Amino acid sequence: MVNRFFSTLVLSATGALPATVLGQSIPLHHPGAEDRRFTTAIEASRLIVTTLQEETGLPGLSVAVNLDGAVVWEEGFGHANLELRAPATARTRYRLASISKAVTGVAVAALVEDGVLDLDQPIETILDDCPAHWHGITVRHLMGHTAGIRSYTPDERDDLNPTQRDTVEEALDMIRHDPLEHEPGERYTYTTLGYIIVRAVIETLTEQEFMRVVFERVLEPAGMLETGADRNAQIVPNRSTYYHFVDGEHQIADARVINAPHINISYKPAGGGMVGTPSDLTRLGHALADCTIISRDARDTLWTPTVSNSGEEYDYGLGWGLATDTDGVFYGVQIGGQIGAGSAVIVYPDHDVSVSLMANRAAGPVARSETVPIARLFRRARDGETLRYPSAMPVGFYDITITDQHERTYAGRLTLAARRGLPSGELLVQAADNPAEFRRFRVATAIEEPNDPTTLRIYTVHQDWGLFPFVLTFAPDGRVTGELDRQVEHWAITGRRAELVPELGEPNPD
C-alpha cells in the first residue's frame with residue numbers, strides 16, 4: 001500500500017487535488033497473487049505479450065485485465081526508460097493519446113445525463129464569439145467527427161509546436177479562422193482538433209476547468225487515480241520515457257530505437273493529452289460495464305453510432321469505436337497513437353471484461369487485434385472453461401497455402417515445435433504474385449479449442465502488424481485446415497504435413 005503523501009503527489013501531478021481522495025491508495029501488483037482460475041490465461045497472455053514486445057521492438061509495454069471489477073492481471077514488460085534500465089511495470093504511466101477522447105466521451109455522457117449539456121444544441125448558443133461558419137455544429141457532431149473541423153496540417157506536428165496553450169482560448173485560436181472541410185453532419189472526417197471545441201463547451205457550461213470536470217465526473221468515481229493531463233513541466237510519478245523507431249536499410253530488420261522528440265500537447269487534453277496506466281483504463285471499462293459512473297441509458301448514448309445527414313451509420317459513438325468480435329459479441333474500443341506512445345482499451349460491457357495495452361513507442365502494433373484475443377482467454381476462464389495447452393502438440397513441418405480476402409495467395413511453411421513443454425515455431429509464407437513479398441509470423445503459444453484437441457488456436461506475431469491468431473484443425477492424415485481469427489482480414493488456410501527428411505546412413509568413419 002502507498003501512503004497519503006504518495007497519493008497526494010500522484011493527484012497533484014495530474015492537476016487535481018480534492019481532499020475527498022487523499023486517503024485513497026493505489027494497489028500494488030504482487031506477482032503470484034493472481035486468482036488461480038486465471039493461471040493458464042495469464043501464462044498464455046504473458047507469452048503473447050512477451051512475444052509482441054520482442055518481435056515488434058517495443059521498448060516498454062504494460063497490460064491489464066479487469067473482470068467483474070477486479071484487476072486480475074497487470075504486468076509490465078521491457079523498459080520504461082532504456083538509459084536507466086528502469087523496467088516497465090503495472091504502475092508505468094503512458095500517453096493515452098486518442099484514448100483521451102474516450103475519457104472525454106464519458107464526461108460528456110455524464111453531463112448529458114445530469115441535464116448540463118444537450119448533444120444537439122448548436123454551439124453558437126453556448127460559446128461567445130462563436131465564428132459564423134461554426135453555426136449549426138453540435139457536440140454530437142464534434143464527438144462523432146462529423147462537424148467538418150479540419151485535421152492537422154503538415155506544420156502542426158506536436159514536435160514542431162513548442163507553444164504552450166494552457167487556456168482553451170489559446171487552443172481555439174489554432175482553428176477559429178479555418179474553413180470547414182464540409183457541412184456539419186455531411187460525412188465522417190476524423191480529427192482531434194474538434195475536441196478543442198468540446199472542451200470549450202464543457203468549460204462554459206460547467207464554469208470549471210476541463211480536467212477538473214473530468215476528474216470529478218470520470219476519474220475519481222472510476223478509481224482512476226493514476227490518470228490525468230500529460231503536462232510536461234510537472235513531475236509525474238512513474239511516467240515513461242518515450243521512444244521512436246527509425247527504420248534502417250532493411251526497414252524493421254535493422255531499425256533502431258531513438259528518444260522521441262519533445263512534444264507539446266497542452267492544447268488537446270480532451271482529444272489526446274492525457275497520461276495513465278492500463279489498469280486505470282480497465283477500471284473505466286468496469287465502471288461502464290457496471291453502470292456505476294453513468295446509467296445504462298447514458299452508456300447507450302455514449303455508444304450510439306454516429307449517423308450522417310444522409311443516414312449513413314458509422315461505427316463510432318462519443319469518443320469510442322464500436323465493434324463486434326468474430327463471435328458476434330459487442331465491445332467498445334479506443335486506440336491511441338502519438339509520438340512516443342501506442343495504447344488500446346476494449347470493454348465488453350455484457351461480460352464485464354476490459355483489457356488495456358500501453359506502450360512507449362509510436363507506430364507499434366497495439367490495437368484491438370492485440371486486446372481482443374486476450375479478453376477472450378480471460379472470459380473463457382472466468383466462465384468456467386479449462387484452458388489447455390495442446391495435449392498432443394502436432395510438431396513438424398506443414399506446407400501451407402493462404403488465400404486472403406482479396407483472393408491473393410501465399411504459400412510457405414508452418415513449423416511447430418515445443419520449447420520447455422510450450423508451443424513454439426513460425427509461419428513463413430511468400431506471395432504468389434510477388435516473390436519478393438514474404439510474411440513471417442512467430443508462434444507465441446497455442447491453446448486447444450474447447451472439447452476438440454485436434455483444433456488449436458495458435459497465436460502468432462508479425463513484427464510490423466502485431467498479433468495474428470489462427471484456428472487450425474490437424475487431421476490424422478496430416479492435413480491442416482483453418483482460418484485467421486481476426487475481424488478485418490479473412491484468410492482461408494489449407495496445408496499438409498511435409499515429407500520427413502529420409503534417415504541418414506551410418507557416418508563414414510573417415
Side-chain angles (χ1 to χ4, degrees), residues 47-59 61 78 244-257 326 337 342 359 361-370 372-373 393-419 422-446 456-474 478-501:
L47 289 168
I48 291 169
V49 175
T50 299
T51 306
L52 181 70
Q53 189 255 329
E54 292 174 351
E55 284 291 299
T56 62
L58 294 170
L61 175 66
H244 190 59
F245 221 33
V246 178
D247 286 350
E249 180 180 354
H250 303 288
Q251 297 183 337
I252 197 171
D254 56 349
R256 59 193 177 95
V257 174
T326 53
R361 196 205 84 204
V366 177
R368 68 179 66 189
S369 297
E370 286 64 56
V372 168
M393 185 68 181
V395 298
F397 302 111
Y398 295 84
D399 293 324
I400 294 292
T401 298
I402 294 174
T403 303
D404 69 14
Q405 69 271 22
H406 305 296
E407 299 301 320
R408 294 190 69 199
T409 300
Y410 299 82
R413 178 159 285 189
L414 169 66
T415 303
L416 293 178
R419 182 181 61 181
L422 296 173
S424 65
E426 73 170 10
L427 171 64
L428 181 63
V429 294
Q430 180 184 35
D433 57 359
N434 181 9
E437 182 182 342
F438 287 89
R439 295 186 177 187
R440 174 187 173 272
F441 305 83
R442 176 180 160 191
V443 175
T445 190
L456 305 182
R457 191 174 296 268
I458 299 177
Y459 300 88
T460 73
V461 174
H462 187 279
Q463 61 183 1
D464 288 316
W465 306 322
L467 183 61
F468 282 68
F470 295 94
V471 180
L472 302 179
T473 299
F474 296 84
R479 289 182 297 114
V480 57
T481 56
E483 61 184 2
L484 174 66
D485 185 30
R486 223 174 176 202
Q487 292 141 280
V488 178
E489 297 87 353
H490 303 287
W491 297 0
I493 302 167
T494 58
R496 180 176 291 276
R497 183 188 293 273
E499 293 294 329
L500 297 178
V501 176

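Model, not experiment: these values are computed from the prediction.
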Partners of [X] by side-chain contact (heavy atoms from CB on, under 4.5 Å), sequence neighbours excluded?
{"X": "Ala431", "value": "Arg408, Tyr410, Asp433, Asn434, Glu437"}
{"X": "Glu54", "value": "Thr50, Arg442"}
{"X": "Val443", "value": "Leu416, Ile458, Thr460"}
{"X": "Pro373", "value": "Tyr459, Leu467, Pro469"}

Value for CG (Leu472) from CD (Glu483), rounded to nearest 0.5 Å, stands at 9.5 Å

With sequence neighbours excluded, tell me which residues meet salt bridge (charged side-chain N to carboxylate O under 4.0 Å, His left out) with [X].
{"X": "Arg440", "answer": "Glu55, Glu426"}
{"X": "Arg457", "answer": "Glu449, Asp485"}
{"X": "Asp404", "answer": "none"}

Less than 4.5 Å apart, any side-chain heavy atom of [X] and any of [Y]?
{"X": "Thr56", "Y": "Leu61", "answer": "no"}
{"X": "Gln53", "Y": "Leu58", "answer": "yes"}
{"X": "Arg439", "Y": "Leu428", "answer": "no"}
{"X": "Val480", "Y": "Ile493", "answer": "no"}
{"X": "Leu456", "Y": "Pro394", "answer": "yes"}
{"X": "Leu422", "Y": "Thr445", "answer": "no"}

Which heavy atom in [X] sits nearest to a heavy atom in [Y], and how many Å separate them?
{"X": "Pro423", "Y": "Met393", "answer": "CB-CE, 3.6 Å"}
{"X": "Gly342", "Y": "Val366", "answer": "O-CG1, 4.1 Å"}
{"X": "Pro59", "Y": "Arg361", "answer": "CD-CB, 3.5 Å"}
{"X": "Thr51", "Y": "Ala444", "answer": "OG1-CB, 3.4 Å"}
{"X": "Ala498", "Y": "Arg413", "answer": "CB-NH2, 3.3 Å"}

Under the side-chain contact (heavy atoms from CB on, under 4.5 Å) criterion, do Thr326 and Arg486 qualify, and how do the steps go? CA-CA 7 Å; Thr326 53; Arg486 223 174 176 202; over 6 Å; no

*According to the interplanar angle, ranging from 0 to 90°, do the rings of Phe441 and Trp491 count as parallel (below 30°), tilted (30 to 60°) or perpendicular (above 60°)?*
perpendicular

(message) Check the orientation of Phe468 and His462. Use parallel for under 30°, tilted for 30 to 60°, and perpendicular for over 60°.
(response) tilted

Those residues at least two apart in sequence (or on a different chain) that pass ring-ring contact (aromatic ring centres under 6.0 Å, His included) with His244 are none

The ring-ring contact (aromatic ring centres under 6.0 Å, His included) partners of Phe474 (sequence neighbours excluded) come to Tyr398

With sequence neighbours left out, the residues meeting side-chain hydrogen bond (donor to acceptor under 3.5 Å, both in side chains) with Ser424 are none

Exercise for review: Could you walk me through whether Leu414 and Phe397 pass the side-chain contact (heavy atoms from CB on, under 4.5 Å) test, one step at a time?
Suggested key: CA-CA 6 Å; Leu414 169 66; Phe397 302 111; over 6 Å; no

